[in-house]
*Asks:* 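Could you have a look at this structure, given as structure tokens, before my questions?
All heavy atoms count here, side chains included; hydrogens, waters and symmetry mates do not. Throughout, protein chains are lettered first and strands after them, A, B, ... in sequence-line order, and every chain is numbered starting at 1.
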Amino acid sequence: MVSAPRQLQLLRRHLLPCCHYCHFSTVPCDLSPSQTDDKSLVTQVVQLLQVPENEWNTDQLRPLLFSATTMPCHLLTITLHLGSSSKALNFLEYVRANAPSEQSHCLSPIFHGVIELFSEETISEYKLLEIYERVKQWGIPLTSRSATLLIQCLGAAKMVGELLLLFNNLDPSVKSTRVVNTLISTLFRLGHIDSAVQVLDEMCKPNTMFPPNNVTGDIVLGELLKRDSPVRSIAEKEIGHLVRKLSRHGVFPDTINLTNLINKLCRKQKTKLAWDLLHDVMQSGGAVEATSCNALLTGLGKDRDVKRMNDLLAKMKEMEIKPNVITFGILINHLCKSRRIDDALKVLEEMRGKGGSSGMNVEPDVVIFNTLIDGLCKVWRHDESLSLLEQMKNECRPNTVTYNCLIDGFCKASNLDKAHELFDQMNKEGVIPNVVTLNTLINGMCKHGRIGSAVEFFNEMQRKGIKGNSVTYTSLISAFCNVNNIDKAMQYFDLMLSSGCSPDVIVFYSLISGLSLAGRMDDASFVVSKLKESGFGLDVCCYNVLISGFCKKKKLERVYEMLQEMEEAGVKPDIFTYNTLISFLGKNGDFKTACEMLRKMRKEGLVPTVITYGAVIHAYCLHGNVDEAMKIFREMSSTLKVPPNTVIYNILIDSLCKIKDVECALSLMDDMKVKGIKPNTATYNAILKGIQDKKMLYKAFELMDRMVEDACKPDYVTVDILTEWLSAVGEMKKLEKFFQGYTVSSCTEE
DNA sequence: ATAGGGTTAG
């Protein structure tokens, strides 16, 4: 049975025997003999070769094979008719043994046939070596085609050493662009990047005999655009060099390839190289379209490199590259993200061609309008975003994104009514809401304490066929955690899993954080196991909330388990981790380990913060060593250069009052005033308790006035202290005035 | 071009 492709090959050989050969050969080939002559010669020889090789009739074959009219192409056709490389190789050997010396060039076409046949067979490395050795031994000059085929065969057999040897020993006349392209492509495919680049270098030399062509360009670009191999891929820095080399020979990447290359470089944060690449192509005369410039503009936008963005736009103008709607879209988006909304609106005018001829005459599309509407919403210019919506309706139809941006804008502005109105409006206009619309509204309602409405809306939308995704569940779960409705949060987590929604890390992290904060460590551990089952890992923040949770539950072994796990996972503890640990150890009175942690965090290059010192101060206070706490407090301002804040003062004032050192506590209050650190309700509660013990009633009135001045609202603790104290001393009138926000110390009792 | 998350001291 002959396979279909094989049949095609045979057919091709019968139809185009001569051209097929001549096309690839450097051996001269006279096309003058008529087809009938060709046919009869070939047919006769083929006939004679049908018998077993040891019965070949030399007397009959010799005049036919070695006559003056026998062309190289005839010999090739004859060889191909033998059907297998083994038979062809025998024929080669036969001709070599029988050819008159002046006819030795006739071996080239026969070898051509041998390798052609071989390349169609299953590659046998052993046989290939045998053939190759024979060629070298007999010094048969290779045709370009046989060189190409040989390269391909050696490549298929992964014989890189032989490949390079072959190329280096190749007769210069045979080294054509086509042959070299095959070699480069083969070397790339085999991962021998350095050798391929070396050959390419040779190809691109100024006086090269085999200059690169578009095929070379495609091979090199294909390699440059391939995703990076773990073994060896072309370094980003080399990309520019290679493209430059090719461009010297007029070989340029086409628009798509150039754009892809720029995208690739920008994705890897190599914007500078992308910039150089684009400018090199422009400078050496390659065609550059707006698409490629757009790719670079996007990269520059991500780098916030406004200067280069403007330079590129100027360059486009200079090179007469017409910006398209995408170019303007990138520009407008960048300006919006930089909150330069008025500049963005100016670009809209510019593209429309305000004032006639100076304009670009590029029609803004729905994306342009959406970007601007979103930009206006994000700077709280909601009215203008609504008027832009009306304006855009003259030019294009608003879509789902348009309304999503507006709905989000009004949700963020706490105008849920307007958000719902826009939702109704989009439905009326036949713009179909999607899951983003759903999530925007649900999150808006959750953030404004309307979880019930959010759930109701979610159910209604589900009935209409819009399913929630992990974003929906994150909003609801976080909202339930925030109101400490942990059971509902867990219920929605289960609902999410059973609804077939695939959770992402964010929904896991939100729930783990909520559960840890609520002290539900068993639930948190369960969610952690689910997270791991989904193939995710914990990050520092997630470990921190868990460690904090276990600390609060005094589950020391779980804390160390977490730390161990962090180390194994290569997640470095950060300042939060250390602060949490130091606070926990301090509270437990384990000052030794706490100091060790302090040392360790400094060794890791982490600088203790006001929170760290607060934890240490708190620990000393808790364990009755207020003197040591005060010592650290004083060091904070002097040597440590971490000024204490309200919380630190509160801890100390509270502790000093508890050890009856109200004088010192009061002096800290004065210190706060001097340093401009605002006391809060907790500060006043602490000091009021202290002076209550000391019965310093007039000091209380003074402090109550200061509390009014500082706009510190009394809380239930304040109310408890003052009610108990002032009612006992008959000063309830002053308390009433105080609650109404009046000063009390100067007013006299009626 | 649009939507969601989290930690430490009192």
Side-chain angles (χ1 to χ4, degrees), chain A residues 326 329-330 332-333 336-337 365-375 377-378 398-409 411-412 433-444 446-447 468-479 481-482 503-517 538-549 551-552 573-584 586-587 601 608-622 629 644-655 680-683 685-686:
Chain A
I326 309 283
I330 296 164
I332 288 174
N333 186 30
C336 286
K337 292 276 144 41
D365 62 5
V366 66
V367 176
I368 299 276
F369 284 111
N370 290 350
T371 312
L372 286 166
I373 285 174
D374 189 52
C377 285
K378 295 240 151 72
N399 63 14
T400 310
V401 177
T402 321
Y403 280 100
N404 290 349
C405 294
L406 285 162
I407 289 171
D408 188 52
C411 281
K412 296 263 152 69
N434 62 12
V435 68
V436 178
T437 325
L438 171 80
N439 292 340
T440 307
L441 275 164
I442 285 185
N443 190 49
C446 285
K447 286 281 147 66
N469 60 15
S470 62
V471 179
T472 329
Y473 289 99
T474 303
S475 293
L476 291 168
I477 286 172
S478 301
C481 285
N482 284 336
D504 59 12
V505 272
I506 295 179
V507 70
F508 280 118
Y509 289 173
S510 306
L511 185 54
I512 291 168
S513 166
L515 293 169
S516 298
L517 248 47
L538 303 177
D539 67 356
V540 200
C541 194
C542 207
Y543 277 117
N544 289 344
V545 294
L546 285 162
I547 288 173
S548 172
C551 282
K552 280 181 192 132
D574 65 3
I575 190 76
F576 286 92
T577 325
Y578 283 109
N579 286 345
T580 307
L581 290 170
I582 289 166
S583 160
F584 173 68
K587 263 183 230 162
M601 74 181 274
T609 63
V610 66
I611 310 248
T612 323
Y613 294 120
V616 177
I617 287 172
H618 187 220
Y620 279 121
C621 287
L622 275 178
N645 62 11
T646 308
V647 177
I648 305 265
Y649 278 98
N650 289 356
I651 297 166
L652 288 168
I653 289 167
D654 188 54
S655 303
N680 59 22
T681 309
T683 325
N685 289 346

*Asks:* May I ask whether Phe576(A) stacks on the base of dT8(B), given the cut-offs of 5.5 Å between ring centres and 30° between planes?
*Replies:*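 Whether judged by distance or by angle, Phe576(A) falls short somewhere, so it does not stack on the base of dT8(B).
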*Asks:* Regarding Leu517(A), tell me which of base, sugar-phosphate or nothing describes its non-hydrogen contacts under 4.0 Å with the strands shown.
*Replies:*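 Sugar-phosphate, no base atom in range.
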*Asks:* Grab the CD1-C1' distance between Ile648(A) and dT8(B) for me, whole Å please.
*Replies:*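 So the CD1-C1' distance, Ile648(A) to dT8(B), works out to 12 Å.
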*Asks:* Given atom CD1 of Ile477(A) and atom P of dG6(B), what is their separation to the nearest angstrom?
*Replies:*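 After rounding, the gap between these two atoms is 12 Å.
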*Asks:* Using every non-hydrogen atom in the two residues, find where Val610(A) and Ile648(A) come nearest and quote the distance to one decimal.
*Replies:*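 Between these two residues, the closest heavy atoms are O-CD1, 3.6 Å.
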*Asks:* For dG4(B), does the base pair up with any side-chain atom of Thr474(A) as donor and acceptor (N or O, under 3.5 Å, distance only)?
*Replies:*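 It does, because a donor-acceptor pair links the side chain of Thr474(A) to the base of dG4(B) below 3.5 Å.
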*Asks:* Taking CG from Asn544(A) and P from dT8(B), how many angstroms apart are they, rounded to a whole number?
*Replies:*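 It is 9 Å, rounded to the nearest whole Å.
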*Asks:* Check whether any side-chain N or O of Lys552(A) sits under 4.0 Å from OP1 or OP2 of dA9(B), and answer yes or no.
*Replies:*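 No, Lys552(A) has no side-chain N/O under 4.0 Å of OP1/OP2 on dA9(B).
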*Asks:* Have a look at Cys405(A) and say if it touches a base, only the backbone sugar-phosphate, or nothing, with a 4.0 Å heavy-atom cut-off.
*Replies:*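 Counting heavy atoms under 4.0 Å across all strands, the contact made by Cys405(A) is with sugar-phosphate only.
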*Asks:* Within the structure shown, what part of the strands sits under 4.0 Å from Asn680(A) by heavy-atom distance: base, sugar-phosphate, or nothing?
*Replies:*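 It contacts base atoms.
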*Asks:* Could you check whether Asn399(A) gets within reach of a base, just the sugar-phosphate, or nothing at all, counting any heavy atom under 4.0 Å?
*Replies:*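 Base, at least one base heavy atom under 4.0 Å.
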*Asks:* Separation of Phe369(A) atom CZ from dT2(B) atom C1', in whole Å?
*Replies:*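 Atom CZ in Phe369(A) sits about 17 Å away from atom C1' in dT2(B).
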*Asks:* Might you point out which heavy atoms bring Cys621(A) and Ile651(A) nearest each other, and give the distance in Å?
*Replies:*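 Closest approach of Cys621(A) to Ile651(A): SG-CG2, 4.0 Å.
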*Asks:* Might you point out which heavy atoms bring Phe576(A) and Asn544(A) nearest each other, and give the distance in Å?
*Replies:*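 Result for this residue pair: CB-ND2, 3.2 Å.
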*Asks:* Side-chain contact test, heavy atoms from C-beta onward, threshold under 4.5 Å: evaluate it for Val436(A) versus Asp408(A) and give yes or no.
*Replies:*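 With C-beta onward as the side chain, the pair stays apart.
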*Asks:* Any idea which of dT7(B), dA9(B), dT2(B) is nearest the Ser583(A) side chain?
*Replies:*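 Closest nucleotide among those given: dA9(B).
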*Asks:* Please name the pair of heavy atoms, one in Val545(A) and one in Ser516(A), separated by the smallest distance, quoted to 0.1 Å.
*Replies:*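 Closest pair (atom of Val545(A), atom of Ser516(A), distance): O-CB, 3.4 Å.
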*Asks:* What is the distance from CD1 of Ile373(A) to C1' of dA3(B), rounded to the nearest Å?
*Replies:*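 Checked: the CD1 to C1' distance equals 17 Å.
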*Asks:* Over all strands shown, is Ile651(A) touching base, sugar-phosphate only, or nothing at heavy-atom distances under 4.0 angstrom?
*Replies:*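 Sugar-phosphate contact only - Ile651(A) comes under 4.0 Å of backbone atoms but never of a base.
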*Asks:* Does Ser470(A) contact dG4(B) through a side-chain donor or acceptor facing the base, at a distance under 3.5 Å?
*Replies:*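 Yes, the side chain and the base share a sub-3.5 Å donor-acceptor pair.
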*Asks:* Grab the CD1-P distance between Ile512(A) and dT7(B) for me, whole Å please.
*Replies:*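 Interatomic distance, CD1 of Ile512(A) to P of dT7(B): 13 Å.
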*Asks:* Mind checking Val647(A) for me? I need base, sugar-phosphate or nothing, with any heavy atom below 4.0 Å counting as a touch.
*Replies:*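 Base, at least one base heavy atom under 4.0 Å.
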*Asks:* Check the distance between dA3(B)'s C1' and Asn443(A)'s CG and give it to me in whole angstrom.
*Replies:*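 These atoms are roughly 7 Å apart.
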*Asks:* At under 4.0 Å between heavy atoms, what does Cys336(A) touch on the DNA or RNA strands: base, sugar-phosphate, or nothing?
*Replies:*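 The residue Cys336(A) makes no contact with any strand.
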*Asks:* Rounded to the Å, how far apart are Tyr578(A) OH and dA9(B) P?
*Replies:*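 Atom OH in Tyr578(A) sits about 17 Å away from atom P in dA9(B).
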